There are 2 protein chains.
Amino acid sequence: MSNKRSRTLAERIRENFDELTRAEHQLADIILENYPVSAMGSITTLANASRVSTPTVARMARKLGFSGFPAMQIALREELEATISNPIAKHERFAESAPDTHILNRFAEAALENMRQSLKRIDPKTFDSVAALLSNSENDVYVAGGRITHTIAQYFFTHMQVIRKGMNLIDSGSSTWPHFVLNMNEGDVLVAFDIRRYERDLLRLAEMATARGVTLVLFTDQWGSPAARHARHVFNLRIEVPSAWDSSVVTLFLVEALLAAVQTNTWGETRDRVKSLEELFDKTKLFRKFS
Amino acid sequence: MSNKRSRTLAERIRENFDELTRAEHQLADIILENYPVSAMGSITTLANASRVSTPTVARMARKLGFSGFPAMQIALREELEATISNPIAKHERFAESAPDTHILNRFAEAALENMRQSLKRIDPKTFDSVAALLSNSENDVYVAGGRITHTIAQYFFTHMQVIRKGMNLIDSGSSTWPHFVLNMNEGDVLVAFDIRRYERDLLRLAEMATARGVTLVLFTDQWGSPAARHARHVFNLRIEVPSAWDSSVVTLFLVEALLAAVQTNTWGETRDRVKSLEELFDKTKLFRKFS
DNA sequence: AGTATATTGAAAAATATTATACACAGTTTA
DNA sequence: TAAACTGTGTATAATATTTTTCAATATACT
């Protein structure tokens, strides 16, 4: 009897089916036939589809325990939301022993939500185009970041350098970037990271580079850096976390995914380069042997 | 080119995202955030949820190619109908239009799994202890990373430098690290990142530092760096992804969570530092004004 | 069969929703 | 620096939706 979760509309209809009249049966059938979409439009649409009058629909909503047709619709939407909301982890408790309010869990929730939202906004076509662009070693690639994102840019650069030749990391904050622009040729690629607060220098760099025929790939946040207007491809990422700063986790994630894609595209070439690199490391004995 | 099936609302939003204005971005975010339910109510509900005016919603509907808001809603319902009646589509909720085998989705799955597994292994008590350790500005903090993790170390360092004084970043790869050890005092903290393949230098640094009474906090992978035997606190993180390299996403996540915790602990002090920093930036006009 | 009761839908009233007009603020351009 | 433009929200008009009223019709019961 005392069901915590409120019953669904479908359940209510089935429970009360016997109490329903002829016209209401007709209506109920239509609702269940294409549930829940058929009941998501206007009362008139539903009435017409069921070949009953609008008052019949309103009356049935009441009969099923709602205050009126709109209330029924709201309940239906909530139902739908519960059904299709992304199942991933929403109800999983991660660091189980930590209370929900612990910063670790709050941060984890936020990070996962950022990930989910960002993925929704990434167009796989864009992703593939960018991967292809970066896989073409005919053209040079320049990488630039801002104050905070510089480390992400560096991370990207470090890995890309293993994958292919023609990689350039533009120093952050320094005034040397115009020198880099001098070397850029039409068809080259500039990968820029610009998260709020957006930096003037980066906007100028983007302007000057694109003016020279360089293709700009931009990693930015959900609000969009002003450099986006110059960009061929833009990734809008979600970066909000319970902290005074923005999160770079999703940015790093996308960078890694791109690296994986490029690496796959260029495997023949990359393989040799990785091998040579390993040999170099062996010679310098930088690493410990790993069993 | 000529797509038989008409584009979904989500696709339209992504395609035209660049053409959208500030308020429209806000709106688009809300629509995508809880897609498609958030847009199934009245225009007013949606406007309020997005904190924009109703005309903005109506205008965007037009901009996206619908005759008005109701038309958009009808399209959305049809979309929903198609989705619900087609169970295969249900699994594509993630990066909707990307098939499950797309690298983006495979990578996302892996990253989320890494996150989940890592969080299970993190002891909140350890986390809190480390946060407390780093919040005590009496003692200096040294940060060191390896070839790949250096960028993460740098990220951590950059933010910590804003939060507190006494931060030191040990150059990676260089042979200067013994100089840093000279300055270390008992009670100081060394935060080290050592992911496979573990680096000899880092092990030696850990040995020498702990010998001087320094507390070692180690970020490593699930197998555990050899430096772990010297560490007071160890974070074992899951780092495997479908790629030739390991993922640093979870490492970065934990670093950010720690930053948030430390920042909360030291807010009184941090606040002033952040303020001063903002003023410095204002003077240098490095950033664009952000409204 | 005749009366009472329940069901139903047309029409109108009440209410909610959506679109439009317009003014203001911020930004860009000349 | 002013003028033109763009984007945005408030107020309001236009439109659609929902509810109510009420008469017509069907059904049940004596």
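Just so it is clear: chains get the letters A, B, ... in the order the sequence lines come, proteins before strands, and each one is counted from 1. What's counted below: heavy atoms across the whole structure, side chains too, no hydrogens, waters or symmetry copies. As the structure is a prediction and not an experimental result, all values here were calculated from the model.
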Proximity to the side chain of [X] - top-ranked nucleotide from [options]:
{"X": "Phe69(A)", "options": "dT18(C), dT18(D), dT8(D)", "value": "dT18(D)"}
{"X": "Ile43(B)", "options": "dT8(D), dA19(C), dT18(D)", "value": "dA19(C)"}
{"X": "Ser53(B)", "options": "dA10(C), dT18(D), dG9(D)", "value": "dG9(D)"}
{"X": "Thr44(A)", "options": "dT18(D), dT8(D), dG9(C)", "value": "dT18(D)"}

Q) If you look at every strand shown and take non-hydrogen atoms under 4.0 Å, does Thr54(A) touch a base, only sugar-phosphate, or nothing? A)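 Base: the residue Thr54(A), judged by heavy atoms under 4.0 Å, touches a nucleobase.
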Note to self: Is Thr56(A) close enough to dG9(C) that one of its side-chain N or O atoms is under 4.0 Å from OP1 or OP2 there?
What the structure shows: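 For dG9(C), OP1/OP2 do have a side-chain N/O of Thr56(A) under 4.0 Å.
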Between [N] ([atom2]) and [X] ([atom1]): distance, integer Å:
{"X": "Asn48(B)", "N": "dT8(D)", "atom1": "CG", "atom2": "P", "value": "17 Å"}
{"X": "Ile74(A)", "N": "dT17(D)", "atom1": "CD1", "atom2": "C1'", "value": "14 Å"}
{"X": "Leu20(A)", "N": "dA6(C)", "atom1": "CG", "atom2": "C1'", "value": "15 Å"}
{"X": "Leu27(A)", "N": "dT18(D)", "atom1": "CG", "atom2": "P", "value": "13 Å"}
{"X": "Arg51(B)", "N": "dG7(D)", "atom1": "CZ", "atom2": "P", "value": "23 Å"}
{"X": "Gln73(B)", "N": "dT17(C)", "atom1": "CD", "atom2": "P", "value": "11 Å"}
{"X": "Met72(B)", "N": "dT18(C)", "atom1": "CE", "atom2": "P", "value": "10 Å"}
{"X": "His25(B)", "N": "dT6(D)", "atom1": "NE2", "atom2": "C1'", "value": "15 Å"}

Original post:
Pick the nucleotide of DNA chain C nearest each of Arg22(A) and Ala58(B); which residue has the one closer to the 5' end?
Top reply: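 The answer here is Arg22(A).
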Closer to the 5' end of DNA chain C via nearest nucleotide, is it Thr45(B) or Arg229(A)?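 Counting from the 5' end, the first nearest nucleotide belongs to Thr45(B).
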Name every residue in residues 59-66 of chain A that has at least one heavy atom under 4.0 Å from any atom of DNA chain D, in order of residue number, or write none if there are no such residues.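 Contacting residues: Arg62(A).
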Is there a donor-acceptor contact under 3.5 Å linking the side chains of Thr158(B) and Gln161(B)?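 The criterion, which ignores hydrogens and geometry beyond distance, is not satisfied for Gln161(B) and Thr158(B).
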- prompt: Taking atom types as modelled, is there a side-chain donor on Arg121(A) or Gln117(A) under 3.5 Å from an acceptor on the other?
  reply: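 Per modelled atom types, Arg121(A) and Gln117(A) side chains form no pair under 3.5 Å.
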**Message:** If you assign each of Val52(B) and Gly41(A) to its closest nucleotide in DNA chain D, which residue comes earlier from the 5' end?
**Reply:**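 Checking each residue's closest nucleotide, the 5'-ward one belongs to Val52(B).
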Give a yes or no on whether a salt bridge exists between [X] and [Y], defined as a side-chain N under 4.0 angstrom from a carboxylate O.
{"X": "Arg204(A)", "Y": "Asp201(A)", "result": "yes"}
{"X": "Glu199(A)", "Y": "Arg147(A)", "result": "no"}
{"X": "Arg212(A)", "Y": "Asp188(A)", "result": "no"}

Check: Distance-only, no hydrogens or angles: does the Ser38(B) side chain make a donor-acceptor pair with backbone N or O of Ile30(B) under 3.5 Å?
Finding: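 Flag set: sc Ser38(B) to bb Ile30(B) pair under 3.5 Å.
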For the student: nearest non-hydrogen atoms of Phe253(B) and Val249(A), plus distance: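 Phe253(B) and Val249(A) have their closest heavy atoms at CA-CG2, 3.5 Å.
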